[in-house]
Amino acid sequence: MSLPKTLADDVARNLVMVAQLIDEDPEKAYGYAKVALRLASRVGAVREAAGFASYATQRYDEALKEFRTARRMSGSVELWPVIADCERGLGRPEKALEMAGAPEVHKLDKAGQVEMRLVAAGARRDLGQLDAAIVTLQSPELASNGVHAWTARLRYAYADALLAADRTEEAREWFAKAVESDKDGTTDASDRLAELDGVEFTDAYEGDTEGDEEAGAAQDAEPEDVRSEDTPGADAAPREVRQDD
């Protein structure tokens with residue numbers, strides 16, 4: 001709302017593309033995020049979106065910068081877990097653990113606290129502290145029979161840690177629980193469970209390779225600067241977005 005109407009529409013269109021593409025084509029989402037950032041770098045929502053696009057493409061240094069800036073703009077603590085995970089991505093698990101014990105964690109909602117627990121467990125595994133990672137994940141949220149947005153991921157992380165510790169039977173039990181709670185297929189728990197049960201899958205059908213190649217070529221196109229028709233300069237050729245911008 002702080003932007004002129006036409007510019008606000010342009011920025012919003014690029015952010016919509018980020019949201020639509022970040023899971024299926026994070027590189028293209030990153031390109032749209034860079035366009036939005038160029039148009040409105042002083043808007044907190046834009047900095048946050050740029051952070052998530054950088055995070056999705058494992059550009060952790062960029063993501064950390066954007067998340068910190070967005071947090072300063074908003075004053076919110078909700079980005080605390082993902083900031084800590086960026087520290088992990090940059091090879092600083094000790095920093096992530098330090099953040100896991102900070103007062104800001106108590107200001108997070110339940111979903112944020114679970115996310116912070118997942119990050120802390122990952123940091124323990126980064127440091128080779130597998131047993132500590134398992135203990136970190138043991139919590140009332142893990143034991144709860146309720147299903148929430150974070151339940152499948154928490155159970156999956158616990159199962160994966162158990163498997164890494166060669167506690168196979170327990171891991172199988174928790175992968176099965178993860179499958180039960182993963183209605184949207186956000187994890188590959190079903191595949192992991194099948195693997196533990198010795199089930200093998202074969203690809204019985206091969207699609208039209210020519211059609212696949214055409215679809216792939218279309219997906220490889222560079223993201224465009226999405227602008228409104230009445231934007232000054234809208235008739236100009238779309239700006240090409242590159243990773244080194």
Side-chain angles (χ1 to χ4, degrees), residues 1-74 76 78-92 96 115 119 122 149 153 184-188 207-245:
M1 298 300 294
S2 63
L3 301 175
K5 176 69 167 64
T6 301
L7 179 58
D9 288 344
D10 293 338
V11 173
R13 284 178 169 84
N14 280 281
L15 294 185
V16 167
M17 295 305 297
V18 173
Q20 289 182 343
L21 292 168
I22 197 165
D23 290 328
E24 63 184 63
D25 193 342
E27 281 293 336
K28 186 173 276 190
Y30 174 79
Y32 282 108
K34 296 294 281 188
V35 172
L37 191 61
R38 179 171 57 82
L39 294 174
S41 63
R42 295 184 179 181
V43 176
V46 171
R47 303 306 290 258
E48 184 174 330
F52 277 110
S54 299
Y55 180 79
T57 56
Q58 299 183 11
R59 294 176 170 91
Y60 297 117
D61 53 345
E62 290 185 38
L64 188 59
K65 173 187 173 184
E66 299 303 337
F67 286 141
R68 284 175 172 170
T69 301
R71 182 170 179 266
R72 285 196 300 271
M73 288 178 168
S74 68
S76 172
E78 67 178 19
L79 292 173
W80 195 255
V82 74
I83 291 173
D85 208 35
C86 286
E87 296 287 1
R88 281 190 61 215
L90 292 169
R92 299 192 290 258
E115 195 67 35
V119 173
R153 293 178 57 239
D184 298 326
T186 55
T187 73
D188 64 346
D208 183 352
T209 56
E210 181 178 348
D212 290 344
E213 290 175 358
E214 292 176 357
Q219 291 178 355
D220 288 340
E222 290 283 349
E224 297 179 353
D225 183 338
V226 183
R227 291 180 176 269
S228 308
E229 293 181 359
D230 56 349
T231 303
D235 294 336
R239 175 181 178 276
E240 184 173 303
V241 179
R242 297 187 181 277
Q243 294 181 10
D244 55 358
D245 283 356

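Side-chain polar atoms of Tyr32 and Gln20 form no donor-acceptor pair below 3.5 angstrom. Counting only N and O atoms by type, the side chains of Asp85 and Tyr60 include no donor and acceptor under 3.5 Å apart.
At a threshold of 4.5 Å between non-hydrogen side-chain atoms, the residues Ser41 and Val46 do not count as touching. Contact check for Leu79 versus Phe52: side-chain heavy atoms found under the 4.5 Å cut-off. Inter-residue side-chain proximity for Leu64 and Leu90 is flagged as met; some heavy-atom pair is nearer than 4.5 Å.
Nearest heavy atoms, Ala33 versus Val18: N-CG2, 3.5 Å. When every heavy atom of Ala70 is checked against every heavy atom of Gly44, the shortest pair comes out as CB-O, 3.9 Å. When all heavy atoms are compared, the tightest approach of Ala96 to Val119 is CB-CG1, 4.4 Å. Pro26 approaches Thr57 most closely through the heavy-atom pair O-CG2, 3.4 Å.
Between atom CZ of residue Arg42 and atom CG of residue Leu37 there is a gap of 12.5 Å, rounded to the nearest 0.5 Å. Residue Glu66 holds its CD atom at 10.5 Å from SG of Cys86, rounded to the nearest 0.5 Å. Residue Arg47 holds its CZ atom at 12.5 Å from OG of Ser74, rounded to the nearest 0.5 Å. Rounded to the nearest 0.5 angstrom, Asn14 CG and Met17 CE are separated by 8.5 Å. Atoms CG and OH, from Asp25 and Tyr30 in turn, are 14.0 Å apart once rounded to the nearest 0.5 Å.
A salt bridge links Glu27 and Arg59; the closest N-O separation between the charged side-chain nitrogens and carboxylate oxygens is under 4.0 Å. By the 4.0 Å N-to-carboxylate-O rule, Glu48 lies too far from Arg71 to be salt-bridged with it. The existence of a salt bridge linking Lys5 and Asp9 is confirmed by a sub-4.0 Å separation between a basic side-chain nitrogen and an acidic carboxylate oxygen.
Heavy atoms from other residues, nucleotides or ligands lying under 6.0 Å from CZ of Arg88 number more than 12.
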Does the pair Val11 and Leu3 meet the rule for a side-chain contact (heavy atoms from CB on, under 4.5 Å), with working shown?
CA-CA 9 Å; Val11 173; Leu3 301 175; 3.9 Å; yes
